[in-house]
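Read through the structure below, which is laid out as structure tokens, and then see the notes.
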Amino acid sequence: MTTLALPALAQPEQGNHRTPASGIDWHACADTDFQHMQCGSIRVPVDWSHPRAGSLTLTLVRRPADDQEHRQGTLLVNNGAGGSSIEQLRLGLRMQLPSFAGAMTQRFDLVAVDPRGVGHSTPILCGEPLKPAGVSHFPRNQAAYDTLVAHNRAFADDCRRRNGRLTAHVDLTSTARDFEAVRKGLGERQLNWYGIHYSTLLGRTYAQLYPGRLRTKVLDTALDDTGAPRSRIIEEAATAETAFDRFTAWCAIQAMAAQLPGSVVLAREGDDYSMFLLSRCVRDATNRYLTTRTLPRSGTTCTD
């Protein structure tokens, strides 16, 4: 499930802030994609303001630097909102990451940590489908909008019921505190940060909370969190709609799309852009191209 964490105001941590997290429990990875690497886990509080009122597990994978003699530290790789950093690392390795990463894999331990609520860490799991039949994320009339609102409320209620207090504590500040616990568990004085999309904000939040704890940071997206989240979402949606309208004007009809090299067609009635995000068929075709550079056969149809 994708978890949306809205920006939180971050203030530097006070010296007496309690961080009763456990150390990292390391072991050799059993996953064949992570051969000769270390897998680990660490327990952190669900609510950092009440650190003894329940905990959750963060899962990590560490790829040691190839040149340990000239090792420069640990580089944290972070995915976007709701994305698994461990699966991002897996994809990079399948693309032969060391062959083009240069000094990054030579001189840095790469550490992927799945944030709270995501992936291999303690996840937020919901029983309601994210997009059931008959519900469109792009309603065209009041009735469709009312259906979407009712579904969203039912979805949120189900998530809260199944996951308890965790759903209220997947914010940026809590997640940044988790990464400070990871830093301590790694025994590093400073970390290096590579952030993708949402983790750009997470990296900035961490730097604000813990000044001096980042040696370097690479942020691939200049997200503006100075305004209200609602305004940012509206602006982003409007920009995406403009770009998509330009694409559909060029593509014109599905028959033309089916002739484009490497195209994937969604066949179900009423499909919209959100189905691209949810279709395993589409994700598999995309990842196959990224890892093997093999385009889907023209006219490939995804029905899920």
Side-chain angles (χ1 to χ4, degrees), residues 1-22 24 41-60 74 76-85 111-124 156 159-160 163-186 188 190-233:
M1 169 198 168
T2 298
T3 304
L4 176 64
L6 296 178
L9 295 176
Q11 299 294 329
E13 289 290 275
Q14 300 301 314
N16 62 354
H17 185 83
R18 294 179 296 165
T19 55
S22 65
I24 299 175
S41 62
I42 182 173
R43 302 288 296 180
V44 296
V46 171
D47 181 356
W48 280 97
S49 63
H50 298 88
R52 308 196 185 279
S55 62
L56 57 88
T57 298
L58 302 178
T59 300
L60 311 81
T74 291
L76 291 178
V77 292
N78 300 277
N79 211 331
S84 166
S85 300
V111 174
V113 184
D114 276 2
R116 55 173 56 210
V118 174
H120 300 273
S121 295
T122 300
I124 288 183
C159 289
R160 282 193 291 265
N163 299 281
R165 298 169 62 244
L166 178 56
T167 55
H169 297 285
V170 288
D171 56 282
L172 284 167
T173 299
S174 297
T175 306
R177 287 173 176 163
D178 292 346
F179 277 88
E180 174 64 0
V182 169
R183 181 196 65 79
K184 293 179 178 179
L186 292 170
E188 297 281 11
Q190 292 181 308
L191 296 170
N192 300 277
W193 188 279
Y194 174 51
I196 297 176
H197 197 255
Y198 157 80
S199 60
T200 293
L201 294 179
L202 181 57
R204 282 161 50 184
T205 302
Y206 180 84
Q208 290 168 352
L209 286 170
Y210 304 102
R213 291 304 185 190
L214 289 183
R215 173 181 172 271
T216 60
K217 59 180 177 180
V218 176
L219 309 177
D220 83 337
T221 305
L223 291 175
D224 179 10
D225 62 343
T226 59
R230 183 174 183 271
S231 298
R232 187 176 68 253
I233 291 171

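The figures here come from the full heavy-atom set of this structure, side chains too, leaving out hydrogens, waters and symmetry mates.
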| Thr57: side chain to side chain contact (heavy atoms under 4.5 Å, CB included) partners, not counting sequence neighbours | Ser41, Arg43, Thr59, Thr122
| note | In short, His169 meets Arg116 closest at the heavy-atom pair O-NH1, 2.7 Å
| task | Identify the heavy atoms of Trp48 and Ala181 that sit nearest to each other, and give their distance. | result | CH2-CB, 4.2 Å
| said: To the nearest 0.5 Å, what is the distance between CG on Leu214 and CG on Asn192? | reply: 8.0 Å
| said: Taking salt bridge (charged side-chain N to carboxylate O under 4.0 Å, His left out) as the definition, give me every residue that meets it alongside Arg183, ordered by chain and number, with sequence neighbours left out. | reply: Glu180
| field | Those residues that, when tested against His120, pass side chain to side chain donor-acceptor pair (under 3.5 Å) (two or more places apart) | value | Glu87
| note | Closest non-hydrogen atoms of Ile24 and Val182, given as atom of the first, atom of the second and distance, are CD1-O, 4.0 Å
| Can you name the residues that form a salt bridge (charged side-chain N to carboxylate O under 4.0 Å, His left out) with Arg165, not counting sequence neighbours? | Asp47
| field | CG on Leu201 to OG1 on Thr175, rounded to 0.5 Å | value | 11.5 Å
| query | Taking only residues two or more places apart in sequence or in another chain, which ones pass side chain to side chain donor-acceptor pair (under 3.5 Å) with Ser85? | reply | none
| Set of residues satisfying side chain to side chain donor-acceptor pair (under 3.5 Å) with respect to Ser121, sequence neighbours excluded | none
| From Phe179 CZ over to Thr205 OG1, what is the distance, rounded to the nearest 0.5 angstrom? | 11.5 Å
| Could you give the distance from CG (Leu191) to CG (Leu76), rounded to the nearest 0.5 Å? | 5.0 Å
| Can you find a pair of side-chain heavy atoms, one from Leu219 and one from Trp193, that are under 4.5 Å apart? | yes
| Those residues that, when tested against Arg160, pass side chain to side chain contact (heavy atoms under 4.5 Å, CB included) (two or more places apart) | Ala156, Asp157, Thr167
| said: With rounding to the nearest 0.5 angstrom, report the CD1 to CG distance, Ile42 to Leu58. | reply: 6.5 Å
| request: Provide the closest heavy-atom pair for Val111 versus Leu60 in the form atom of the first, atom of the second, distance. | output: CG1-CD2, 4.0 Å
| note | Those residues at least two apart in sequence (or on a different chain) that pass salt bridge (charged side-chain N to carboxylate O under 4.0 Å, His left out) with Asp114 are none
| Flag side-chain contact, heavy atom, 4.5 Å: Val113 against Asp178 | no
| request: Mind checking the CZ-CD spacing from Arg213 to Glu188? Nearest 0.5 Å is all I need. | output: 11.0 Å
| message | Apply side chain to side chain contact (heavy atoms under 4.5 Å, CB included) to residues Leu56 and Val44 and explain how you reach the verdict. | response | CA-CA 6 Å; Leu56 57 88; Val44 296; 3.5 Å; yes
